[in-house]
Amino acid sequence: MAELSLPFETKYFPIKKYFDVYRRSMEENEEFWAEQARNLDWFRPWDKVLEWDPPWANWFAGGLLNASYNCVDRHTKNWRRSKVAIYWEGEPGDVRVLSYSTLFSEVNRFASVLKKCGIGKGDKVALYLPMIPELPIFMLACARIGAPHTVIFSGFSAQALADRVNDVEAKLLVTADGGFRRGKILPLKPISDEALEKCPSVEKSIVVRRANVQVNMKERRDFWLHDLLEEAEPYVEPEPVESNHPLYVLYTSGTTGKPKGIVHGTGGYLVHNYATYGWVFDLKEESVYWCSADVGWVTGHSSIVYAPLAHGAAIVLYEGAPDYPSIDRWWEIIEKYGVTIFYTSPTAIRMFMGHGEEWPKKHDLSSLELLGSVGEAINPEAWLWYYKHIGNERCPIVDTWWQTETGGIMISPAPGIELVPLKPGSATFPLPGVDADIFDEDGNPVPTGERGLLVIKRPWPGMLVGVYGDPERYKKSYWSRFPGCYFTGDYAVRDSDGYFWLLGRADEILKIAGHRIGTAELEDAAVSHPQVAEAAVVGKPDPIKGETIVMFVRLKEGVTPSPELKKELANHMRSTVGPIAVPEDIDFVTSLPKTRSGKIMRRVLKAVASGLSVGDLTTLEDEASVEEVIKSFQELKKAKEQEK
Ligand code: PRX
């Protein structure tokens, strides 16, 4: 076989094993993934590793399996049945420890509850819960009976919850009487009540008692979980599902106002996550693994629930805020449970950096062996602080690049194969099986050192199987920019050693504290306020959150701008989308800068929001003249200064 030359191979470091595995994964791609798939338990083996009818993929076609069987049952058949699966800590300090055998019995009982509520294969179940053990248990119980789950982040408002529940046509909503966050109680049940007024598909709602607060229970619709569990069967046969059967739908932001339901299948998704988790986190049987993300995001799905549990790992789950009741809560948790692998976001690291190293210093963090970062690019300064003050200069940092759509990690160091020399701020190389490249606007690979668009040139098992109810959007968003290639929407560059550096989004999607939110979604929420005529949202660089929201608003004729109106608008964003949608700045303007064809000149707005000068407006929107741009810029800047 001819030697395959990799576009990103480095000549400068003695990296051997990784490139050998990677090269093989490209040359014998399907056999390579089939080998990974054999690490899972299948009820029926696949007939074909990949059926690829671009852009539709069916990984492990013909195979039958069950995700809950792979994450739970199989560990109860050996010594792992008494191994800890979940160390859970609530914000008030309450603790629950679940072994794999306890997890097994809970998942079965919850699955029985779901069945008795009339849920069967293919029915969608919405989960709007705090970070309590019931959340992963319900996810696995849904998977057990073949009912796709939709987890809705507990920070979302009633409207955002209703939009997602309606889009996915959920039959059942699971919520709680409340959850703890920064010493307060998240009013999940009242929010659910408000949402359910607008959700005709939901027949029943199960309520978990967590906060012990008084809530309204609607007769014949709402049921306490503890009451239902009294009647539950101890065992429910896991439903063998086809490999592409939807395991879950998870909503994320795109470039239009409507969030998209990313659908993940079962077989491909689990294979990808099982394999990449082992490579990236270099898991050992005795590892104690903590991913601090919220289960409401993809990181929570893949990196808290499915990947580690499929491996039979011991995970830590923490309910509350990172700095509550004091700044060292996380470091206290690491010390208490002897966490060996810790995975978090750059925003969190920058936040802790701001509080100073005296907080982690109060704790013995010597159990740590490996650190991870996810969700946004990590700046070298934060990387080095994390390395020095959390990892004590002993622990490698895996900077993992991936997306809701990719289902699992795609570009990252892989110490489970071979630890490559790390460079702070670079996610290093694509994982085996991931055919990544960087293209220019015309679809040609960019030369070394030049910025371009990150693409994936062949299907991979964790890839989304579609956008819920919208096949056209799936094709258009991901597969039409460069035919045959998956378009990530991210800028990237490769350095002269072949390392990948991720440079942020190339589209109108913001990353606020690592949370993904589309400007169109925020603008739609703003114009739903009766006094707003037009709104434009841009991101402004922020030293901790990476980016914050700046909103330019043109009010309706006759409405006078005022500080009260600003407050009201901020509250409106909170109640329409959730706290993550509250802008850092709201600027009232009399007109928004636009091109002749009516497109908002975001570059101008971004420059104004970021306090840059005209000279920074180097690349202009196509159809706008330089004078137009400069005039708009100066007008906006003047208005902003006057306001101050
Ligand atoms: O821009 C990239 C950024 O997060 C986006 C995906 O967001 P989401 O679907 O919410 O998933 C986040 C968690 C997997 C990407 O398009 N991103 C994610 N990880 C990194 C990153 N940017 C730079 N470096 C990373 N490690």
Side-chain angles (χ1 to χ4, degrees), residues 151 153 155-156 248-255 259-264 269 272-273 276-277 280 291-307 343-350 371-380 382-383 386 397-414 422-431 434 436 438 451 453-456 462-464 467 477-478 481 486-493 499-519 521 539 545-547 580:
V151 180
F153 173 52
F156 276 131
Y248 66 80
V249 182
L250 181 61
Y251 283 84
T252 189
S253 292
T255 48
K260 44 190 171 184
I262 302 301
V263 187
H264 279 293
Y269 174 82
H272 184 109
N273 273 295
T276 57
Y277 187 82
V280 172
C291 167
S292 72
D294 193 284
V295 177
W297 311 111
V298 74
T299 320
H301 284 61
S302 303
S303 307
I304 297 180
V305 181
Y306 289 109
Y343 190 33
T344 192
S345 72
T347 290
I349 297 161
R350 289 190 292 259
L371 302 172
S373 168
V374 61
E376 45 183 322
I378 179 163
N379 48 314
W383 195 104
Y386 195 26
I397 298 179
V398 289
D399 175 1
T400 63
W401 177 87
W402 53 300
Q403 306 179 303
T404 306
E405 293 86 341
T406 69
I409 302 171
M410 302 288 276
I411 304 180
S412 167
L422 301 175
K423 297 191 187 192
S426 165
T428 72
F429 300 104
L431 291 177
V434 174
I438 306 175
R451 184 181 88 160
L453 299 160
L454 180 69
V455 295
I456 313 295
M463 65 192 272
L464 70 169
V467 172
S477 307
Y478 307 110
R481 183 75 170 74
Y486 171 83
F487 177 58
T488 64
D490 272 25
Y491 284 125
V493 65
Y499 281 56
F500 281 69
W501 298 74
L502 281 307
L503 304 175
R505 299 288 310 186
D507 54 16
E508 300 302 342
I509 291 176
L510 307 181
K511 272 278 166 167
I512 313 294
H515 296 154
R516 172 168 160 181
I517 187 127
T519 55
E521 206 177 325
K545 294 181 179 172
E547 249 182 330
I580 54 168

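Atoms within each ligand, like the ligands themselves, are counted from 1 in listed order. Along the sequence shown, residues carry numbers from 1.
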message: Are the side chains of T488 and M410 in contact, using a 4.5 Å heavy-atom criterion?
response: no
query: Should the proximity of T404 to ligand 1, defined as any heavy atom under 4.0 Å, be assigned to the side chain, the backbone, both, or neither?
result: both
- prompt: Does T252, backbone or side chain, put an N or O under 3.5 Å from an N or O of ligand 1?
  reply: no
- request: Might you confirm whether atom NZ of K545 has over 12 heavy atoms from other residues, nucleotides or ligands at distances under 6.0 Å?
  value: no
query: Is D399 close to ligand 1, meaning an N/O of one under 3.5 Å from an N/O of the other?
result: yes
task: Do me a favour and list the nearest non-hydrogen protein atom to atom 6 (C) of ligand 1 with residue, atom name and distance?
output: W402 O, 3.7 Å
- prompt: D490 heavy atoms, cut-off 4.0 Å: which ligand 1 atoms fall inside?
  reply: 1 (O), 2 (C), 15 (C), 16 (O)
query: Mind checking whether Q403 and Y486 have side chains closer than 4.5 Å, heavy atoms only?
result: yes
- request: Pick one of side chain, backbone, both or neither for how I378 approaches ligand 1, counting any non-hydrogen atom pair under 4.0 Å.
  value: neither
- prompt: S302 and Y269: side-chain donor and acceptor closer than 3.5 Å?
  reply: yes
- prompt: So do the side chains of W297 and S345 get within less than 4.5 Å of each other, counting heavy atoms only?
  reply: no
query: Who's the nearest protein heavy-atom neighbour of atom 25 (C) of ligand 1, and how far?
result: E376 O, 3.5 Å
field: Electrostatic pair R350:E376 at N-O distance under 4.0 angstrom
entry: yes
statement: If you scan protein heavy atoms around atom 13 (C) of ligand 1, the nearest is T299 OG1, 3.5 Å
task: List every atom of ligand 1 that sits less than 4.0 Å from any heavy atom of A377, numbering the atoms from 1 in the order shown and giving each element.
output: 22 (N), 23 (C), 24 (N)
message: If we count only N and O atoms by modelled type, under 3.5 Å, do the side chains of Y343 and T400 hold a donor and an acceptor together?
response: yes
query: Between K511 and ligand 1, is there a nitrogen or oxygen pair with a distance under 3.5 Å?
result: yes
task: Mark the output for W401 as yes if a heavy-atom distance to ligand 1 is under 4.0 Å, and as no if none is.
output: yes
- request: Give a yes or no answer on whether the side chain of Y478 reaches the backbone of G489 with a donor-acceptor pair at less than 3.5 Å.
  value: no
- request: Name the orientation class of the two ring planes belonging to Y248 and H301 (parallel below 30°, tilted from 30 to 60°, perpendicular beyond 60°).
  value: tilted
- prompt: Would G375 count as a contact of ligand 1 if the rule is a heavy atom under 4.0 Å away?
  reply: yes
- request: Show which atoms of ligand 1 fall inside a sub-4.0 Å distance from at least one heavy-atom site of R516.
  value: 6 (C), 7 (O), 8 (P), 9 (O), 10 (O)
